[in-house]
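Please read all numbers here as calculations on a predicted model, not as lab measurements. Every number for a ligand or one of its atoms is a count from 1 in the order of the listing.
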Amino acid sequence: MAKVRLENVYKIYPNGVKAVKDFSLNIQDEEFVVFVGPSGCGKSTTLRMIAGLEDISAGRIYIDDAVVNDLEPKDRDISMVFQNYALYPNMTVYDNMAYGLRCHHVKEDEIKETVRNAAEILGITDYLDRKPKELSGGQRQRVALGRAIVRKPKVFLLDEPLSNLDAKLRVQMRSEISKLHERLKTTFIYVTHDQTEAMTMGSQIVVMKDGVIQQVDTPLNLYNHPVNTFVATFLGSPQMNLLEGKLGKRGEEWHFASGPLDIAIPEEMLLQMNGYEDGLEVYLGVRPSDISLSERGFKTRIELMEQLGNETILYVYLPGREELSIVSSADKNLRLMSGDEISISFDLQHIHLFDKATGSSLVQANVANAIEVEATREEGTIHIDGFEVDEEKAAHFLEDDLRGLELRVSSSDISFDPLPGSIAEKATIKKVVPFLSYDVVFGTVKGKPLVAKTAKAGLKEGEETTIYIPFEKAEFHKGGRKVYSALLTKEDRGVEVSIRKTRSATILLLPKGRKAKDKRYLVEKREELNDSVVLLLKGCKTREKLVVRAASVDVFEGQSVFAK
Ligand code: ADP
């Protein structure tokens, strides 16, 4: 049982492939986390770095609260199960399972009991005397699982363990692994490229693409609130339709238009939308199951039809799309044929909008609220709307003049109950929209819109209330720049050098062409701010610290750099 934490982890292979980039993740004790994404997106590399089978290029990995970067795999108290079961062919099932324990000099009596127990859990007691070649694929995979569980690890790592099994066995093993997790109450990290495996097994899913985390969320939230077109189309089958079109404003209403298709955006959705403007090119996303046949809908023609037994899939042409779009219907007895004219309509509660240029969702499950605050600095003491910032934190403000400061806070970090160490603001509630396990609250603070996500708080529309923003969760901006950084203290700010951006560079971070007299620094911390990367450098011989701002720097924490 253990927590696992990854902080800004990078993997750059010697051939230059950046397999994993800036991977940060908190895994709770006993959680079942799934890494999912297309082949080559860096899932296995991340798992192997947690296991210690692969060095990490930068960042830190913690198991519980200890950094394990330099710990040997055998000392990490983890077990790993691979796709190819990697059983010893000449040993019996019993000996395969006992092998790891024997290596750790466990007494034979104890081994016997542990192996028997594990065999019982996995239903392989009858095969203990067999050799692996006398077992089916499913049985072999169970032995591999057994070998991992007898070691009672703190963390269980599974790398595509079911890929070699046939479809039926995969479904069966899926539920067995879930049951095993419940029984062992250990942290599981599971890698798969199969979205169904991810959705059915994980309590928390990490969707990856090109070495970068796209979204970390529960299965339902991923399905209902994908943050970009990649996640939207990767999960769900048949996949979400994306229609190209434009947003337009008519009076107070906003519309999505694509040729003859014109859809008014529901107000609830607008309130949760960020960064949209008249004429913005967007994709409207709609899942096939959210399109229904209806008299008053959009007219089109069935190009192709597939009867699957429990549902029917219709393929139609929709504007803004070159390929066929899919409409699925649960109606088994649909009396339609290819070529028939039909009318379809979209369930407006379940449409999605994505910025065409970036692919990002315009609907943010977590809106970054911007609240203008009155901040003053008097004799070193900072007050933000009446809240006194303690001395240590005050040192992290990069500006002396704090007029025009804007506080940004994500909707899930706002509390309606008093919290110590938080900034209080008066708010008016306009609308409360209930979701399954929380409410989305729309309101205003100082006349500006506010969106908060809260566990059922019993708030009423029209009510005046107070919201509490924990200082730790707030970001501070001024004129579009971040002006608070926990990384920088006043003393550290002494030297700010702009490199690469201007020719007047005085610091070169590249080891190439360095001279003997160049000074060596260790990159102690790396932080990405709005328009630059800030490195906190520590002199290797002296205790001198430098802060370097750069437009983009390919050096990471733990590496050395050389400066003139
Ligand atoms: P996934 O598990 O998501 O399929 P991997 O983590 O195996 O992806 O690989 C991520 C990327 O790193 C891929 O581009 C792959 O080709 C590359 N890669 C994996 N292992 C090595 C290696 N040992 N040397 C160089 N490149 C590698």
Side-chain angles (χ1 to χ4, degrees), residues 4-25 27 31-61 63 68-70 72-73 76 78-86 141 144-145 148 155-165 170 173-174 177 187-202 204-217 219 222 226-237 239 359 554-556 558-559:
V4 178
R5 188 161 55 141
L6 290 94
E7 258 181 24
N8 312 101
V9 171
Y10 288 78
K11 175 69 191 185
I12 303 163
Y13 281 111
N15 63 357
V17 173
K18 286 188 181 173
V20 177
K21 297 170 220 164
D22 207 9
F23 191 107
S24 293
L25 182 70
I27 300 173
E31 201 165 9
F32 196 132
V33 176
V34 179
F35 295 171
V36 70
S39 188
C41 71
K43 310 178 290 290
S44 297
T45 301
T46 310
L47 201 71
R48 292 166 60 79
M49 289 193 287
I50 299 172
L53 299 173
E54 203 70 72
D55 286 341
I56 70 176
S57 309
R60 290 192 188 91
I61 298 180
I63 295 182
V68 297
N69 284 20
D70 299 322
E72 289 291 319
R76 293 191 185 194
I78 45 170
S79 275
M80 189 150 168
V81 179
F82 300 91
Q83 175 179 348
N84 56 1
Y85 329 111
Q141 190 51 286
L145 284 168
V155 186
F156 234 117
L157 306 179
L158 301 106
D159 192 356
E160 306 244 10
L162 307 184
S163 307
N164 286 352
L165 306 181
R170 261 204 317 264
M173 285 301 288
R174 223 155 65 194
I177 290 179
T187 313
F188 273 46
I189 309 177
Y190 188 104
V191 160
T192 180
H193 63 274
D194 181 314
Q195 52 140 329
T196 321
E197 259 176 42
M199 296 292 271
T200 52
M201 298 173 84
Q204 193 80 260
I205 299 178
V206 180
V207 184
M208 295 180 69
K209 182 193 166 210
D210 300 335
V212 179
I213 295 183
Q214 305 292 304
Q215 189 169 358
V216 181
D217 228 320
L222 282 178
V227 296
N228 57 31
T229 49
F230 176 79
V231 178
T233 52
F234 186 74
L235 300 170
S237 169
Q239 78 176 39
D554 280 344
V555 293
F556 303 101
Q559 288 188 330

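- Remark: side-chain polar atoms of K43 are paired, donor with acceptor, to backbone N or O of G37 under 3.5 angstrom.
- Proximity to T45 (heavy-atom distance under 4.0 Å) selects the following atoms of ligand 1: 5 (P), 6 (O), 9 (O), 10 (C).
- At a distance under 4.0 Å, a protein heavy atom can be found next to atom 27 (C) of ligand 1.
- Nearest to atom 19 (C) of ligand 1 among the protein's heavy atoms is Y13 CE1, 3.4 Å.
- Here the side chains of L6 and M49 are not in contact, with every heavy-atom distance at 4.5 Å or above.
- Listed by atom number, the atoms of ligand 1 under 4.0 Å from C41 heavy atoms are 1 (P), 3 (O), 8 (O).
- Those atoms of ligand 1 that come under 4.0 Å of a heavy atom in S39, given as number and element, are 4 (O).
- Applying the ring pair (Phe, Tyr, Trp, His ring centres under 6.0 Å) criterion to F230, with sequence neighbours excluded, gives F234.
- Among protein heavy atoms, atom 13 (C) of ligand 1 sits closest to G40 O, 3.7 Å.
- The backbone N or O of G59 lies less than 3.5 Å from a partner atom in the side chain of N69, making a donor-acceptor pair.
- At the top of the distance list for atom 7 (O) of ligand 1, counting protein heavy atoms only, stands S44 CB, 3.8 Å.
- Nearest to atom 12 (O) of ligand 1 by heavy atom, out of G211, G37, A19, is A19.
- Here the side chains of E197 and E160 are not in contact, with every heavy-atom distance at 4.5 Å or above.
- Considering backbone and side-chain N/O atoms, V17 never comes within less than 3.5 Å of an N/O atom of ligand 1.
- Of the possible donor and acceptor atoms, one in the side chain of Q215 sits under 3.5 Å from a partner among the backbone N and O of V227.
- When hydrogens are left out, the protein atom nearest atom 8 (O) of ligand 1 is G42 N, 3.2 Å; that is the closest non-hydrogen contact.
- Each of I189, L158, L47 was scored for a side-chain contact (heavy atoms from CB on, under 4.5 Å) with M80, with one residue passing: L47.
- Looking only at distances, no side-chain donor or acceptor of T192 sits under 3.5 Å from a matching main-chain atom of V36.
- Distance check on atom 5 (P) of ligand 1: some protein heavy atom falls below the 4.0 Å cut-off.
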